[in-house]
J.: 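The structure's right below; bear with me while I get my questions together.
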Amino acid sequence: MITIFPTNLSDLQKVREIALKTWPQTFANILTPGQIDYMLNWMYQIKALEEQVLEKGHVFLIANEGEKSLGFCAYELHAKSLYKTKIHKIYILPEAQGKGIGKKLIQEVVKIAKRNGDTHLFLNVNKYNRAAIDFYLRLGFYEDFHEVIDIGNGFVMDDVVMELKIA
Ligand SMILES: CC(C)(COP(=O)(O)OP(=O)(O)OC[C@H]1O[C@@H](n2cnc3c(N)ncnc32)[C@H](O)[C@@H]1OP(=O)(O)O)[C@@H](O)C(=O)NCCC(=O)NCCS
C-alpha cells in the first residue's frame, strides 16, 4: 500500500536520494551529463532544498511503500497568481514508475490546492520529456505555452508549461 505524507526538514535527504537515482535515467537522452550535474547541484543540495521549504513556500510530499520512499513531489500554493498551485517537482524511482504513484501524488496536490481555494495546477516540463508530457496529458493537463529559461553556465531549460483546471 502506498502512503503519502508531507515531509519535515529531516526527510529532505530522502528527496535528494530519489532525485539522484531518477534524474540520470530521465534525462539521459534529453540533457548533457554536465547539465544534469549542474541542475542537481543547484536544486537538490540539502541547503537548497531547505531554502525551498523555509523561504519559498514549497511543500514536499513523499510516497512510501512500507518504510521505503519511492517518490516525491513538491508544490507551492498560490504561485504566481493567487489561484494557481505550481508543481515544482515530481519524481518516482525508476523501478516504481507506472504503478500509479505519480497519479496519487498529483491527486493529493489537487485536493490540497482545492481546499486552499486554487483553481488550477501548473508546471514546467522539458519539451523533450515525452513520457512525462504524456502522463500529464493523461491526467487532464493541457499545454499552455512554451518557455526557454536561462539557468546560467550556458544552460537553458527548454520547457512546456502545462496546466490543469481543478475548479
Ligand atoms: C512522470 C512520472 C512522475 C509519472 O508517474 P508514474 O507513477 O510513473 O505514473 P502513473 O503510474 O501514476 O500513471 C498515471 C496514468 O498516466 C499514464 N501514463 C504514465 N506514463 C505514461 C506515458 N509515458 N505515456 C502515456 N501514459 C502514461 C498511466 O498509464 C496511468 O494511466 P491510468 O490512470 O489510465 O492508469 C514518473 O514516471 C517519473 O517520475 N518519471 C521520471 C521523472 C520525470 O520525468 N518527472 C517529471 C518531470 S517534469
Side-chain angles (χ1 to χ4, degrees), residues 1-7 11-33 35-45 48-49 52 56 58-66 68-77 79-80 84-113 120-151 155-166:
M1 201 185 66
I2 302 294
T3 51
I4 292 177
F5 60 92
T7 59
D11 294 315
L12 292 175
Q13 184 59 36
K14 289 180 197 149
V15 166
R16 177 175 160 77
E17 280 164 19
I18 294 167
L20 293 179
K21 285 184 187 152
T22 310
W23 265 62
Q25 178 168 323
T26 302
F27 295 109
N29 297 316
I30 299 177
L31 303 175
T32 61
Q35 181 160 355
I36 293 174
D37 281 353
Y38 177 77
M39 292 182 74
L40 283 173
N41 212 30
W42 163 41
M43 289 189 284
Y44 289 96
Q45 299 273 11
L49 292 168
Q52 289 156 28
K56 297 185 175 165
H58 299 192
V59 180
F60 284 80
L61 299 177
I62 287 204
N64 266 16
E65 187 173 41
K68 185 154 168 57
S69 297
L70 299 178
F72 68 88
C73 101
Y75 68 87
E76 178 188 353
L77 293 170
K80 262 195 204 168
K84 293 186 181 184
T85 294
K86 180 164 188 176
I87 305 275
H88 283 279
K89 305 178 170 70
I90 177 163
Y91 290 91
I92 316 297
L93 284 175
E95 64 269 25
Q97 290 170 12
K99 296 180 180 174
I101 300 172
K103 185 173 170 175
K104 265 206 159 116
L105 283 166
I106 297 280
Q107 284 171 338
E108 186 64 22
V109 177
V110 168
K111 248 196 270 170
I112 296 164
H120 295 78
L121 300 193
F122 73 102
L123 54 86
N124 280 59
V125 53
N126 186 291
K127 73 175 185 188
Y128 300 109
N129 190 351
R130 197 65 246 172
I133 291 173
D134 287 344
F135 162 74
Y136 296 128
L137 289 172
R138 179 85 193 129
L139 297 194
F141 284 78
Y142 43 87
E143 294 193 7
D144 191 8
F145 60 92
H146 286 241
E147 68 178 345
V148 178
I149 303 166
D150 190 331
I151 55 168
F155 298 125
V156 296
M157 296 198 310
D158 200 354
D159 285 350
V160 184
V161 177
M162 298 186 75
E163 192 171 81
L164 175 71
K165 195 172 176 320
I166 58 169

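The structure presented is a predicted model; accordingly, all values stated were derived computationally and were not measured. We count ligands from 1, going down the list as the structure has it; atoms in each ligand are counted the same way. This chain uses plain numbering: 1 for the first residue, then up along the sequence.
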J.: Please work out which of Ala96, Ala63, Gly100 has its closest non-hydrogen atom nearest to atom 10 (P) of ligand 1.
T.: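 The option holding the nearest heavy atom is Gly100.
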J.: Taking the inter-plane angle between the rings of Tyr91 and Trp23 on a 0 to 90° scale, is it parallel (under 30°), tilted (30 to 60°) or perpendicular (over 60°)?
T.: tilted
J.: So which heavy atom on Val109 is nearest to which on Leu121, and how close?
T.: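 Minimum heavy-atom contact is CG1-CD2, 4.0 Å.
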J.: Could you measure the distance from the CD atom of Glu108 to the NZ atom of Lys103? Nearest 0.5 Å is fine.
T.: 14.5 Å
J.: Could you tell me the residue and atom name of the protein heavy atom closest to atom 47 (C) of ligand 1, and the distance to it rounded to 0.1 Å?
T.: Tyr91 OH, 3.6 Å
J.: For ligand 1, does Lys99 get within less than 4.0 Å through its side chain, its backbone, both, or neither, judged by non-hydrogen atoms?
T.: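 Under 4.0 Å from ligand 1, Lys99 contributes backbone atoms alone.
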J.: If you measure from each non-hydrogen atom of Arg138 to ligand 1, which part falls under 4.0 Å: side chain, backbone, both or neither?
T.: side chain
J.: Where does the angle between the aromatic ring planes of Tyr38 and Phe155 fall among parallel (under 30°), tilted (30 to 60°) and perpendicular (over 60°)?
T.: tilted
J.: Report all side-chain donor-acceptor pairs from residues 137-146 shorter than 3.5 Å, counting only partners two or more places apart or in another chain.
T.:
unit_1	atom_1	unit_2	atom_2	d
Tyr142	OH	Glu163	OE1	2.8

J.: Heavy atoms only: which of Ile18, Asp134, Ile90 is nearest to atom 26 (N) of ligand 1?
T.: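 Ranked by closest heavy atom to atom 26 (N) of ligand 1, first place is Asp134.
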J.: Select one of side chain, backbone, both or neither to describe which atoms of Ile92 lie under 4.0 Å from any atom of ligand 1, heavy atoms only.
T.: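 Ile92 to ligand 1: contacts from backbone and side chain alike.
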J.: I'd like to check which ligand 1 atoms, numbered from 1 as shown, lie under 4.0 Å from a non-hydrogen atom of Ala131.
T.: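 Counting from 1, the qualifying ligand atoms are 22 (C), 23 (N).
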J.: I'd like to know if Tyr136 contacts ligand 1, where contact means a heavy-atom distance under 4.0 Å to any ligand atom.
T.: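 Within the 4.0 Å threshold, so yes.
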